[in-house]
Amino acid sequence: SQQGEEDPQALSIQEGENATMNCSYKTSINNLQWYRQNSGRGLVHLILIRSNEREKHSGRLRVTLDTSKKSSSLLITASRAADTASYFCATRGQNFVFGPGTRLSVLP
Amino acid sequence: DAGVIQSPRHEVTEMGQEVTLRCKPISGHNSLFWYRQTMMRGLELLIYFNNNVPIDDSGMPEDRFSAKMPNASFSTLKIQPSEPRDSAVYFCASSLGTGNEQFFGPGTRLTVL
């Protein structure tokens, strides 16, 4: 099965609300990365968190990593319609694996 | 920098034909990745290169698929013969080091009839 798996599969929120997406993985990792994909386009890197880090911020993004639970979360605060996209976690361990993604819809 | 460049952007071909997808990574990046994305299977890593050498090709689905990287600025993914189930969007990505941030190209949308 896949290394990284996001949940929920789909999330719909109102503009201004916070969006939280989770990622679980199975084996040890060197780092975990989050990417965004707008419809019909390539993925764009958002943030990388290393295995010895617990939390990282970038603008309205906050990522946490719990290696004991083999899980990560991505929080987008004060969401905007432009945040509508699919979000993927990718784990770097022995290999490099993307999860199936969370489809986020931010309604104006 | 123009970013990762892929060509063609769209390809429609008939079953049995050979298909060649091309990628130019970002200058200075030493790792290159080929991915395939479908609704059913999501984003799958097919193969990646480090310093022009294939490191892991375990994701290549069949012998019909082959990839080369003759130099640091060019890679190809070839499907011969193509089949309808190969229809997907194929992405190329590059990075500085295999575990770091990857920069994706715009993808090639392949349709095999």
Side-chain angles (χ1 to χ4, degrees), chain A residues 1-10 21 23-25 27-53 56 58-59 61 63 65 67 72 74 85-104, chain B residues 1-10 21-26 29-50 54-60 77 88-111:
Chain A
S1 58
Q2 287 181 313
Q3 168 78 315
E5 297 201 8
E6 298 90 343
D7 94 273
Q9 291 186 349
M21 289 160 271
C23 171
S24 60
Y25 57 92
T27 62
S28 62
I29 61 171
N30 296 322
N31 66 56
L32 185 145
Q33 304 177 32
W34 284 92
Y35 288 78
R36 182 187 72 220
Q37 184 180 33
N38 290 90
S39 180
R41 301 200 172 186
L43 280 72
V44 174
H45 183 267
L46 297 175
I47 197 164
L48 180 154
I49 186 165
R50 302 189 190 285
S51 59
N52 61 354
E53 297 177 310
K56 207 160 183 181
S58 176
L61 305 181
V63 169
L65 179 65
T67 53
S72 172
L74 170 67
S86 291
Y87 292 82
F88 296 86
C89 71
T91 51
R92 171 57 173 165
Q94 194 169 5
N95 50 20
F96 199 82
V97 180
F98 279 81
T102 292
R103 189 171 186 81
L104 174 66
Chain B
D1 197 324
V4 175
I5 299 173
Q6 290 186 247
S7 65
R9 293 294 306 278
H10 301 273
L21 310 181
R22 297 172 176 78
C23 175
K24 177 177 168 55
I26 291 174
H29 283 186
N30 61 348
S31 297
L32 184 141
F33 305 78
W34 281 102
Y35 293 91
R36 176 173 68 177
Q37 187 176 39
T38 62
M39 289 293 292
M40 290 296 293
R41 301 175 68 89
L43 191 66
E44 303 172 278
L45 175 65
L46 300 177
I47 185 172
Y48 75 92
F49 296 82
N50 193 43
I55 302 300
D56 183 356
D57 65 354
S58 59
M60 296 285 263
L77 177 67
V89 181
Y90 291 81
F91 288 103
C92 174
S94 70
S95 67
L96 188 60
T98 56
N100 296 323
E101 172 187 358
Q102 294 184 21
F103 293 79
F104 280 73
T108 294
R109 183 173 294 275
L110 173 65
T111 302

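Values below: all heavy atoms of this structure, side chains included; hydrogens, waters and symmetry mates excluded. By convention in this document, chain letters (A, B, ...) are assigned in the order of the sequence lines, proteins followed by strands, and residues within each chain are numbered from 1. The structure displayed is predicted, hence computed values, not measured ones.
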Participant: With no hydrogens and no angle check, is any side-chain donor or acceptor of B:Asn30 less than 3.5 Å from a backbone partner on B:Gly97?
Facilitator: yes
Participant: With a 4.5 angstrom heavy-atom cut-off, which part of A:Asn30 approaches chain B: side chain, backbone, both or neither?
Facilitator: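 When you check distances to chain B, no heavy atom of A:Asn30 falls under 4.5 Å.
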Participant: Quick check against the 3.5 Å criterion: does B:Thr38 have a side-chain atom that pairs as donor or acceptor with the backbone of B:Arg41?
Facilitator: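 Yes, B:Thr38 side chain to B:Arg41 backbone: donor-acceptor pair under 3.5 Å.
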Participant: Heavy-atom distance under 4.5 Å to chain B: side chain of A:Leu48, backbone, both or neither?
Facilitator: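 Interface part for A:Leu48: side chain.
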Participant: Using a 4.5 angstrom heavy-atom cutoff, name the option from B:Gln102, B:Arg109, B:Glu44 with the most pairs to chain A.
Facilitator: B:Gln102
Participant: Where on B:Thr98 is there a heavy atom nearer than 4.5 Å to chain A: the side chain, the backbone, both, or neither?
Facilitator: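 Both parts, heavy atoms under 4.5 Å.
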Participant: Can a donor-acceptor pair be found between the side chains of B:Tyr35 and B:Gln37 at a distance below 3.5 Å?
Facilitator: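 On atom types as modelled, these side chains do not qualify, holding no pair under 3.5 Å.
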Participant: In terms of side-chain heavy atoms, does B:Arg22 have a donor or acceptor partner in B:Thr108 at a distance below 3.5 Å?
Facilitator: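 No, no side-chain donor-acceptor contact under 3.5 Å.
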Participant: Any side-chain heavy atom of A:Leu61 within less than 4.5 Å of one from A:Trp34?
Facilitator: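 In short, these two side chains do not touch, never coming nearer than 4.5 Å.
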Participant: Who among B:Gly99, B:Pro106, B:Ala93, B:Cys92 has the most heavy-atom pairs with chain A under 4.5 Å?
Facilitator: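 Most heavy-atom pairs under 4.5 Å with chain A: B:Gly99.
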